[in-house]
Protein chains: 4
Amino acid sequence: MSKKQDIMAATLDLIDEEGLQSVTFAKIFKKANVGSGTIYNYFANKEELVNAVYREARLLMGEYLLKGYDPEASLYERFKCLQLNRLKFGMHHPKEFLFIDSFSFSPYISPELRDMDDAQNSREVILSLIIEGQKQGVFKEMDSHLCHQLIHGIISSILKGYYVQKYPLNEIQTQQVLEASWKAILV
Amino acid sequence: MSKKQDIMAATLDLIDEEGLQSVTFAKIFKKANVGSGTIYNYFANKEELVNAVYREARLLMGEYLLKGYDPEASLYERFKCLQLNRLKFGMHHPKEFLFIDSFSFSPYISPELRDMDDAQNSREVILSLIIEGQKQGVFKEMDSHLCHQLIHGIISSILKGYYVQKYPLNEIQTQQVLEASWKAILV
Amino acid sequence: MSKKQDIMAATLDLIDEEGLQSVTFAKIFKKANVGSGTIYNYFANKEELVNAVYREARLLMGEYLLKGYDPEASLYERFKCLQLNRLKFGMHHPKEFLFIDSFSFSPYISPELRDMDDAQNSREVILSLIIEGQKQGVFKEMDSHLCHQLIHGIISSILKGYYVQKYPLNEIQTQQVLEASWKAILV
Amino acid sequence: MSKKQDIMAATLDLIDEEGLQSVTFAKIFKKANVGSGTIYNYFANKEELVNAVYREARLLMGEYLLKGYDPEASLYERFKCLQLNRLKFGMHHPKEFLFIDSFSFSPYISPELRDMDDAQNSREVILSLIIEGQKQGVFKEMDSHLCHQLIHGIISSILKGYYVQKYPLNEIQTQQVLEASWKAILV
DNA sequence: TATGAATGAGGCTTCATTCAT
DNA sequence: TATGAATGAAGCCTCATTCAT
């Protein structure tokens, strides 16, 4: 692994372990096993480092969200695929998920980055699906962004409870969550 | 207003405006109009101050959540009351809501405080209501904490979108959100 | 002496001893016997500190240059007074003189400060005197700024040689220098 | 041009543009178009580099000062030649002149180097000339080093004013300056 | 109780220097 | 000889905290 990747991985680990506010360069250098000046060969300052870590996490998530998405499948199948992908992403990449969730609206993250297109523009896919479902009379008529926020929020919230081990998230709970988010927006 | 309250109010304002990570004592002193030593008459250190602000916000929320709650009302009425109270609290106290939401799982907040009982123990009320609904066969059988997290998460997520003005939250949207959270957990 | 004055005195001493480029905060704090943060109660940063030291030195010099100046005295008396004052200032305040001489054109000193009026505007007095002498046909006709630079430069140069003990500067040498600068610009 | 010369030229340019205190190796490497390690093939460290640049400037000046010097010419002619050479050197090699002037008494330059003999020992020539003039009763009796410093100082000072465009230095001003320095030391 | 000058540990960053290629 | 990624000592500066008033 390159020094640059070492540094970024150590940064994400530390953010997850202690929160961004307590991540210092000293901790990063120690964990990444690099000299204190090495980071400046790759990042102009701390903010750029954090933004780079954020960008990488977003790219990873963007890839993940559309895994196995079949535009020809039924509305229900497509909905479940998107929601499951998001849930699985959070379960398999907790550090990335929490970092994105916490800092998307932090002043530490530059606005352009926050609004970056995910790898394959998953947001657009989900919004289209919502509008399609509403046109078919399957989903309740409401502001599409409100609807998006709603089903997205269910996944986020469930993941946060899972992280602190409020409950397990096995196959059965996973299905319950997907069902709940589907039913929430039905007519 | 007492100096203590001045300090706590200034702290919450600053956290809301700039994020906890960039709140310094110097800014608090300036905004609260007190001398730099004054705080130590009330709080042993910065962590205690932040925890006190957190505790106050939680107490305020706890009060709010059970406003107008009638234990004799129907399951549906009681559910709607609790969800609406949470939503209204977030709308009327955005600083408090966001602070609680962001820092409930932060290492900055002591664990005992995070798990504190609200003023009138609103969490217990909600959990009881969930279990009651499940026993009646109205709510789907699932882990009650999962269920709680689910309906709580819908409100939180909707509020965050509202704060960044993704959509309005008038009477009609409010009803849609309450309906969605109700339908999400029906059998 | 106040902390602020301690800091400024230590800074000037260090500049004299080691040159501005090697003056570090650590050295200043040690020599001034103050904590490392104390300086920021008085100066926003290192540049402001150095500029403040420069301003003080300029004010001191400005006062000195017009000491005992009698506008009614003869041209020769007035010329000697100004030149002697400059020489005496350099002999009695070598640190201030060298600092001003070295850094007046350094980017470290802000342009407004460099062009500040001395206490009683000694530069104007000298220039007037030069022009007056030229009108009387005593001084050679030449650009007044060139003439000013010439007689000023003699003093500066003589002082620098004195500082490194190339020669003594007793009463006799002093008179020789004043005579030389007077004769240099006669018709 | 060799890499070594590239490095030295870049260093002198940068010292002239920004002052020694802000010249970093990174800037030198960039301007000289060499790799960051290359310098260490030629100079053990930064101080040696700066001293080498200083030595080169001094050699260049030493050569210049005795250009066209005719030991057989009259005292006046020889004096004018030496003074004019110094003035012309400063006008044609401002970077070298200022660097020498600023750092001759800086702790950055090693004492041996500061007192180095110029290529053809111009200092000795000037001192001899002064003593000769005094013996002839043309120059005023005074410490020869004081006298040397005096006429040298006039040239230095005039050049510094010229660099900041206080006045032009055409044929007429040049002659005025030479005359002034001659008259300054006459009996 | 209220103040704010003083403190110093620790933060981020720079930059001369090394060393493997 | 030429390179530049890596280094870490040391620089400047911030800020929570103390203490004399």
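Labels below follow one simple rule: chain letters A, B, ... track the order of the sequence lines, proteins then strands, and each chain is numbered from 1. None of these values were measured; they are calculated from a predicted model.
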Rounded off to whole Å, could you give me the [atom1]-to-[atom2] distance for the [X] and [N] pair?
X	N	atom1	atom2	value
B:K4	E:dT1	NZ	C1'	14 Å
D:K27	E:dT17	NZ	P	16 Å
C:K30	E:dT7	NZ	C1'	18 Å
B:L49	F:dT17	CG	P	10 Å
B:I7	E:dT1	CD1	P	12 Å
D:E18	E:dC15	CD	C1'	14 Å
A:Y40	E:dA16	OH	P	16 Å
A:K46	E:dG10	NZ	C1'	12 Å

Flag for C:H92-C:Y64: side-chain donor and acceptor within less than 3.5 Å:
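Indeed, the side chains of C:Y64 and C:H92 share at least one donor-acceptor pair under 3.5 Å.
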Classify the side-chain pair C:S104/C:Y54 by whether it contains a donor and acceptor separated by less than 3.5 Å.
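Checked: C:S104/C:Y54 side chains pair up, N/O donor to acceptor below 3.5 Å.
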Can you tell me how far CG of A:L14 sits from OG1 of A:T24, rounded to the nearest 0.5 angstrom?
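If we round to the nearest 0.5 Å, A:T24:OG1 and A:L14:CG are 8.0 Å apart.
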If you assign each of B:G37 and A:N45 to its closest nucleotide in DNA chain E, which residue comes earlier from the 5' end?
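Whichever sits nearer the 5' end wins; that is B:G37.
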So which nucleotide from [options] ends up closest to the side chain of [X]?
X	options	result
B:F29	F:dA6, F:dT17, F:dA2	F:dT17
A:N41	F:dT3, F:dA6, E:dT17	F:dA6
D:K3	E:dA2, F:dC13, F:dT3	F:dT3
D:T24	E:dC15, F:dA2, E:dT1	E:dC15

Check every strand shown and say whether C:F25 touches a base, only sugar-phosphate, or nothing at a heavy-atom separation below 4.0 Å.
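Result for C:F25 = sugar-phosphate.
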Base, sugar-phosphate or nothing for B:Y42? Non-hydrogen atoms, less than 4.0 Å.
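Sugar-phosphate, no base atom in range.
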Can you name the one residue among B:K95, B:K31, B:K27 that meets salt bridge (Lys or Arg N to Asp or Glu O under 4.0 Å) with B:E17?
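Going through B:K95, B:K31, B:K27 one by one, the salt bridge (Lys or Arg N to Asp or Glu O under 4.0 Å) with B:E17 is satisfied by B:K31 alone.
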Can you find an N or O donor on one side and an acceptor on the other, under 3.5 Å apart, linking the side chain of D:S36 with the base of E:dA16?
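Under the 3.5 Å cut-off, the side chain and the base do not form any donor-acceptor pair.
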Determine whether a donor-acceptor pair (one donor, one acceptor, N or O, separation below 3.5 Å) exists between the side chain of C:T38 and the base of E:dA5.
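Not at all, since no donor on one side and acceptor on the other fall under 3.5 Å apart.
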Nearest heavy atom decides the nucleotide; on that basis, is A:I39 or C:V23 closer to the 5' end of DNA chain F?
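Final value for this comparison: A:I39.
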If you assign each of D:N33 and C:E47 to its closest nucleotide in DNA chain F, which residue comes earlier from the 5' end?
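Whichever sits nearer the 5' end wins; that is D:N33.
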Kindly say whether C:L12 contributes a backbone atom to a donor-acceptor pair with the side chain of C:D16 at under 3.5 angstrom?
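Such a contact is absent between C:D16 side chain and C:L12 backbone.
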Do A:Y163 side-chain atoms and A:G90 backbone N/O form a donor-acceptor pair below 3.5 Å?
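Between the backbone of A:G90 and the side chain of A:Y163 there is a qualifying donor-acceptor contact (under 3.5 Å).
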Counterpart base for F:dA20, defined by Watson-Crick or G-U wobble contacts under 3.5 Å
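E:dT3 is the nucleotide pairing with F:dA20.
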Look through every strand shown and name the nucleotide pairing with E:dG11 as Watson-Crick or G-U wobble, where both distances are under 3.5 Å.
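Checking every strand shown, E:dG11 finds its partner in F:dC12, with both distances under 3.5 Å.
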